[in-house]
Amino acid sequence: MENGGAEQGHGDANGNGQAAASAAASYTYWVREATADAAPLPLPKKLTAHDLVSNQSQPATLGSVWNRAGTWEEKNLNNWATQRLKELLKSVGTLDLSRGRAEISDVTKCVGDAFLVTVRNKKRVGYTYELTLKIKGEWHIQEEKKTVKGHIDIPEFSFGELDDLQMEVKLSEEKDFVQQDKQQILQDLKKLFLQPVREKLLQFEQELKDR
């Protein structure tokens with residue numbers, strides 16, 4: 001019984017050893033096959049000058065640095081717009097009237113808003129303004145020269161509405177002129193200043209779009 005028991009115990013030990021060896025061999029073989037079939041490990045690659053340029057040539061986003069996604073952003077351009085409108089309008093120069101000449105000496109009223117909106121990485125500009133232009137000049141009556149003073153009121157206008165620009169002209173010292181001369185001066189001022197002023201405002205619109 002003891003010998004038989006010993007032989008039986010030896011047989012169990014051998015059996016377990018053979019099973020463990022077989023499992024180890026099978027596992028090693030599986031790992032070897034899987035490694036052979038797997039994709040090779042990535043190797044480090046040195047970037048070339050072309051790669052660096054390609055990375056830098058990605059399209060830039062509009063708007064502020066913090067708004068890289070190009071979502072809604074509105075920028076107030078009132079300071080720039082008001083100053084630029086005054087500069088452009090005062091540069092119209094002297095225009096010849098039927099019996100004299102006149103110029104825009106000042107912009108006494110320039111009230112409104114201008115803005116730049118970025119939405120989904122696209123920009124849109126707009127503005128709304130009211131203007132009063134101070135006019136000075138001279139009017140010839142035979143050998144006499146009389147000073148012309150007045151102003152041009154331009155009611156509220158907005159982006160894209162300059163084809164319908166309106167003007168109202170008034171003289172500051174009407175008593176110095178007879179009715180006929182007064183009407184002629186008013187007609188001349190409105191007729192001669194409308195197109196030059198419109199052209200300056202169109203230039204303003206283009207500069208606003210280019211910002």
Side-chain angles (χ1 to χ4, degrees), residues 62-64 70-140 146-211:
L62 300 175
S64 302
T71 55
W72 176 276
E73 177 185 352
E74 182 171 347
K75 183 181 295 186
N76 185 309
L77 300 177
N78 291 355
N79 291 338
W80 171 85
T82 299
Q83 184 64 30
R84 188 58 180 146
L85 279 171
K86 292 181 178 181
E87 292 173 355
L88 290 170
L89 292 169
K90 287 191 287 186
S91 70
V92 167
T94 302
L95 302 181
D96 291 329
L97 309 179
S98 57
R99 283 192 288 161
R101 60 183 182 178
E103 65 180 6
I104 298 173
S105 61
D106 197 8
V107 181
T108 57
K109 180 181 180 182
C110 186
V111 178
D113 296 292
F115 56 86
L116 167 63
V117 174
T118 303
V119 185
R120 296 180 182 177
N121 212 28
K122 294 182 180 180
K123 69 176 184 178
R124 179 173 61 87
V125 295
Y127 68 86
T128 300
Y129 266 90
E130 296 179 54
L131 302 171
T132 296
L133 314 178
K134 185 177 180 181
I135 302 295
K136 71 175 184 178
E138 58 186 33
W139 187 256
H140 302 165
K146 289 191 173 184
T147 300
V148 173
K149 295 181 179 180
H151 60 271
I152 298 175
D153 290 326
I154 302 178
E156 186 176 276
F157 61 97
S158 300
F159 188 92
E161 298 180 355
L162 295 180
D163 287 343
D164 300 321
L165 191 69
Q166 301 295 318
M167 285 184 171
E168 183 180 351
V169 184
K170 294 181 180 179
L171 295 180
S172 302
E173 300 176 359
E174 297 183 1
K175 63 181 184 297
D176 293 341
F177 301 96
V178 299
Q179 186 65 22
Q180 184 178 354
D181 286 339
K182 183 176 68 175
Q183 292 300 325
Q184 187 62 53
I185 294 171
L186 293 173
Q187 181 179 334
D188 285 0
L189 291 175
K190 185 173 183 178
K191 178 180 179 182
L192 295 174
F193 276 95
L194 179 59
Q195 187 57 31
V197 167
R198 181 186 285 126
E199 289 175 359
K200 293 299 182 180
L201 295 179
L202 285 170
Q203 180 181 342
F204 167 74
E205 279 196 359
Q206 186 60 50
E207 292 181 9
L208 183 62
K209 288 192 292 186
D210 292 340
R211 286 184 67 83

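The distance from atom NE2 of His151 to atom NZ of Lys109, rounded to the nearest 0.5 Å, is 10.0 Å. From Glu205, atom CD reaches atom CG of Asp210 across 11.5 Å, with rounding to the nearest 0.5 Å. The NZ atom of Lys149 sits 5.0 Å away from the CD atom of Glu173 when rounded to the nearest 0.5 Å. Note that the CD1 atom of Ile152 and the CD1 atom of Ile135 stand 4.0 Å from one another [nearest 0.5 Å]. Asn78 CG to Gln83 CD: the interatomic distance, rounded to the nearest 0.5 Å, is 13.0 Å.
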>> Run Phe157 and Asp164 through side-chain contact (heavy atoms from CB on, under 4.5 Å) and show every step you take.
In response: CA-CA 9 Å; Phe157 61 97; Asp164 300 321; over 6 Å; no
>> Using side-chain contact (heavy atoms from CB on, under 4.5 Å), reason through Phe193 and Leu133 one step at a time and then give a plain yes or no.
In response: CA-CA 10 Å; Phe193 276 95; Leu133 314 178; over 6 Å; no
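Nearest heavy atoms, Cys110 versus Val107: CB-CG1, 4.0 Å. When all heavy atoms of Phe177 and Val148 are compared, the closest pair comes out as CZ-CG2, 4.0 Å. Contact detail for Ser172 and Gly150: the closest heavy-atom pair is OG-CA, 3.5 Å. When every heavy atom of Ala81 is checked against every heavy atom of Tyr129, the shortest pair comes out as CB-OH, 3.5 Å.
With 3.5 Å as the limit, one finds no donor-acceptor pair spanning the side chains of Thr128 and Asp113. Judged by distance alone, the side chains of Lys182 and Gln179 do bring a donor and an acceptor atom under 3.5 Å apart. With 3.5 Å as the limit, one finds a donor-acceptor pair spanning the side chains of Glu207 and Gln203.
Side-chain contact between Leu201 and Leu131 is present, with heavy atoms from C-beta onward closer than 4.5 Å. At a threshold of 4.5 Å between non-hydrogen side-chain atoms, the residues Gln183 and Gln187 do not count as touching. At a threshold of 4.5 Å between non-hydrogen side-chain atoms, the residues Val125 and Leu116 count as touching. Leu171 has its side chain out of reach of Asp176: every pair of non-hydrogen atoms, C-beta onward, lies at least 4.5 Å apart. Taking the side chain as every heavy atom from C-beta outward, Ile154 and Met167 approach each other to under 4.5 Å. Side-chain contact between Phe159 and Lys209 is present, with at least one heavy-atom pair separated by less than 4.5 Å.
The pair Lys170-Glu168 meets the salt-bridge criterion, with a side-chain N (NZ, NE, NH1 or NH2) lying under 4.0 Å from an Asp/Glu carboxylate O.
Residues passing the ring pair (Phe, Tyr, Trp, His ring centres under 6.0 Å) test with Phe204, sequence neighbours excluded: Trp80, Tyr127.
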Side-chain atoms of residues 89-105: list all donor-acceptor pairs with protein atoms under 3.5 Å, sequence neighbours left out, distances to 0.1 Å.
residue : atom : partner : partner atom : Å
Ser91   : OG   : Leu88   : O            : 2.6
Ser91   : OG   : Lys200  : NZ           : 3.3
Thr94   : OG1  : Glu103  : OE1          : 3.1
Ser98   : OG   : Asp188  : OD2          : 2.5
Arg99   : NH2  : Asp181  : OD1          : 2.5
Ser105  : OG   : Lys134  : O            : 3.3

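Remark: side-chain polar atoms of Asp106 are not paired, donor with acceptor, to backbone N or O of Thr108 under 3.5 angstrom.
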